[in-house]
Amino acid sequence: MARKQDYQSAFDVIGPIMMGPSSSHTAGAVKIGNAARTLLQHEPQKITIHYYESFASTHKGHGTDLAIVGGALGFGTFDERIKQSTEIAKECDIEVEIIEESGASLGEHPNCALVKLDCCGRHVEINGISIGGGAIKIKSIHVDGACILMNHGLPILVVEGVANISMINYIINDLIERQIDINEEIKTINEGKCLLALHLNKALSIGTIDELRERYDALSFSYIH
């Protein structure tokens with residue numbers, strides 16, 4: 001069930017401008033694709049979508065394929081190109097594979113998609129659920145084998161790279177001093193490589209993201225919003 005804090009504004013409850021008949025199957029699906037694209041930081045060479053429960057049974061009729069592929073290509077919820085997104089992917093030689101899973105939802109929600117993107121040796125995965133009104137929650141993030149489990153709406157700031165716990169704590173304290181409102185942090189560190197997700201209570205400005213990337217140029221920042 002969606003909670004009040006899963007929505008950033010009344011606009012999220014009403015729903016965004018979008019293509020298609022359903023905010024859950026189209027607008028929310030676009031945002032799941034957008035999240036994966038943001039994490040990949042490149043145009044994907046391959047898009048693999050695993051559908052569960054409601055998404056698995058209705059994705060064709062509701063245009064969910066067009067929505068997620070469009071999101072993975074970087075299209076917004078209002079972009080007219082979503083209607084031709086699978087054709088555009090094919091024209092760009094982007095491989096698209098769609099898998100209808102018969103088991104229970106990985107996201108413990110009927111509107112669940114696991115989106116996997118590949119490019120230039122980089123592999124990312126986003127397990128997202130569409131909770132209505134165009135809002136989504138991220139259940140897990142994978143980057144090149146590193147994984148964190150979560151259950152959070154947007155916005156989310158993802159930091160990755162070579163860093164130890166002291167460095168991560170330093171970055172978090174720096175963000176707090178910048179008055180960035182962090183709700184929760186989820187992290188994993190393996191063999192010196194860190195994957196950190198920060199669930200934020202408020203959106204970040206583009207300028208703030210640019211400042212962070214410049215200050216910590218050895219790390220990668222992905223802002224999912």
Side-chain angles (χ1 to χ4, degrees), residues 2-18 23 27-44 67-68 70-79 81-82 115 117 119 122 124 126 128-141 143 146 148 150-163 167-187 194-225:
R3 301 168 297 179
K4 180 179 179 181
Q5 55 266 42
D6 294 327
Y7 299 94
Q8 292 296 308
S9 68
F11 176 78
D12 291 327
V13 178
I14 297 170
I17 300 170
M18 62 182 182
S23 62
V30 169
K31 290 184 179 180
I32 295 172
N34 284 159
R37 166 64 177 253
T38 298
L39 195 62
L40 184 66
Q41 300 181 356
H42 297 283
E43 180 90 334
I68 292 184
L73 294 179
F75 304 160
T77 55
F78 56 87
D79 198 314
R81 292 174 296 174
I82 289 174
V115 181
L117 302 184
C119 179
R122 180 173 169 84
V124 304
I126 288 279
I129 60 173
S130 181
I131 60 176
I136 68 169
K137 295 179 76 172
I138 302 300
K139 303 292 288 189
S140 69
I141 292 175
V143 178
I148 50 178
M150 53 196 308
N151 184 29
H152 296 78
L154 308 184
I156 296 170
L157 180 63
V158 180
V159 185
E160 56 178 292
V162 177
M167 181 64 175
I168 293 302
N169 288 337
Y170 178 85
I171 293 172
I172 291 173
N173 288 334
D174 184 19
L175 297 180
I176 293 173
E177 290 179 1
R178 293 169 182 261
Q179 298 184 332
I180 294 175
D181 192 355
I182 300 172
N183 175 55
E184 189 173 355
E185 61 182 83
I186 310 98
K187 61 181 176 291
C194 175
L195 180 60
L196 168 70
L198 299 172
H199 179 239
L200 309 177
N201 290 317
K202 295 181 181 179
L204 297 180
S205 68
I206 298 299
T208 298
I209 298 297
D210 290 340
E211 289 176 8
L212 292 173
R213 287 171 175 158
E214 183 176 355
R215 181 174 176 81
Y216 303 101
D217 57 359
L219 300 173
S220 174
F221 290 81
S222 300
Y223 180 49
I224 304 172
H225 60 100

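Residue numbers start at 1 and run along the sequence shown. All values derive from a computational prediction rather than experimental measurement.
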message: Tell me whether Lys31 contacts the main-chain N or O of Gly134 through its side chain, where contact means a donor paired with an acceptor under 3.5 Å.
response: yes
task: Hey, could you give me the CG/NE2 distance between Asn151 and His199, rounded to the nearest 0.5 Å?
output: 9.5 Å
message: Among residues at least two apart in sequence or on other chains, which ones pass salt bridge (charged side-chain N to carboxylate O under 4.0 Å, His left out) with Glu184?
response: none
task: Please tell me if the side chains of Leu212 and Leu157 come closer than 4.5 Å, counting only heavy atoms from C-beta onward.
output: yes
field: Non-hydrogen side-chain atoms of Val30 and Phe75 separated by less than 4.5 Å
entry: no
message: What I'd like to find out is whether the side chain of Leu198 reaches to under 4.5 Å of the side chain of Ile186, using heavy atoms alone.
response: no
statement: Of all heavy-atom pairs linking Ile168 and Cys194, the shortest is CD1-SG, 3.3 Å
field: Smallest separation among heavy atoms of Ala36 and Ile126, with atom names
entry: CA-CG1, 3.7 Å
Under 3.5 Å: donor-acceptor pair, side chain of His152, backbone of Lys137: no
task: Quick one: closest heavy-atom pair of Leu219 and Ala163, and the distance?
output: CD2-CB, 4.3 Å
query: Who pairs with Gln41 by side-chain hydrogen bond (donor to acceptor under 3.5 Å, both in side chains), at least two apart in sequence or on another chain?
result: Ser220, Ser222
message: I'd like to check the side-chain contact (heavy atoms from CB on, under 4.5 Å) partners of Asp181; sequence neighbours left out, ordered by chain and number.
response: Asn201, Lys202
- prompt: Looking at Ala29 and Ala67, what are the two nearest heavy atoms and their distance?
  reply: CB-CB, 3.7 Å
query: Is Ile32 close to Ile138 at the side-chain level, that is, under 4.5 Å between some pair of heavy atoms?
result: no
message: So, taking the atom named CG in Asn34 and the one named CD1 in Ile224, what distance separates them when rounded to the nearest 0.5 Å?
response: 10.0 Å
- request: Quick one: list whatever passes ring-ring contact (aromatic ring centres under 6.0 Å, His included) with Tyr223, sequence neighbours left out.
  value: His225
message: My understanding is that only residues two or more places apart in sequence, or in another chain, count here; which of them pass side-chain hydrogen bond (donor to acceptor under 3.5 Å, both in side chains) with Thr38?
response: none
query: Would you find a donor on one side and an acceptor on the other, under 3.5 Å apart, between the side chain of Arg37 and the backbone of Leu73?
result: yes
task: Check whether any side-chain heavy atom of Leu195 sits under 4.5 Å from a side-chain heavy atom of Lys187, and report yes or no.
output: no
message: Does anything in residues 204-214 form a salt bridge (charged side-chain N to carboxylate O under 4.0 Å, His left out)? List the pairs, not counting sequence neighbours.
response: Arg178-Glu211
task: Report yes if some heavy atom in the side chain of Ile131 is under 4.5 Å from a heavy atom in the side chain of Ile136; otherwise report no.
output: no
- request: Describe, in one word, how the ring planes of Tyr216 and Phe221 are oriented to each other, choosing from parallel (under 30°), tilted (30 to 60°) and perpendicular (over 60°).
  value: tilted
field: Between SG on residue Cys119 and CG on residue Leu40, distance to nearest 0.5 Å
entry: 5.5 Å
- request: Kindly determine whether Glu160 and Arg122 satisfy salt bridge (Lys or Arg N to Asp or Glu O under 4.0 Å), including the steps that lead there.
  value: CA-CA 13 Å; Glu160 56 178 292; Arg122 180 173 169 84; 2.7 Å; yes
query: Quick one: does Leu200's side chain get under 4.5 Å of Asn183's, heavy atoms only?
result: no
message: I want to check something: taking the side chain as every heavy atom from C-beta on, are Ile182 and Leu175 in contact at a cut-off of under 4.5 Å?
response: yes
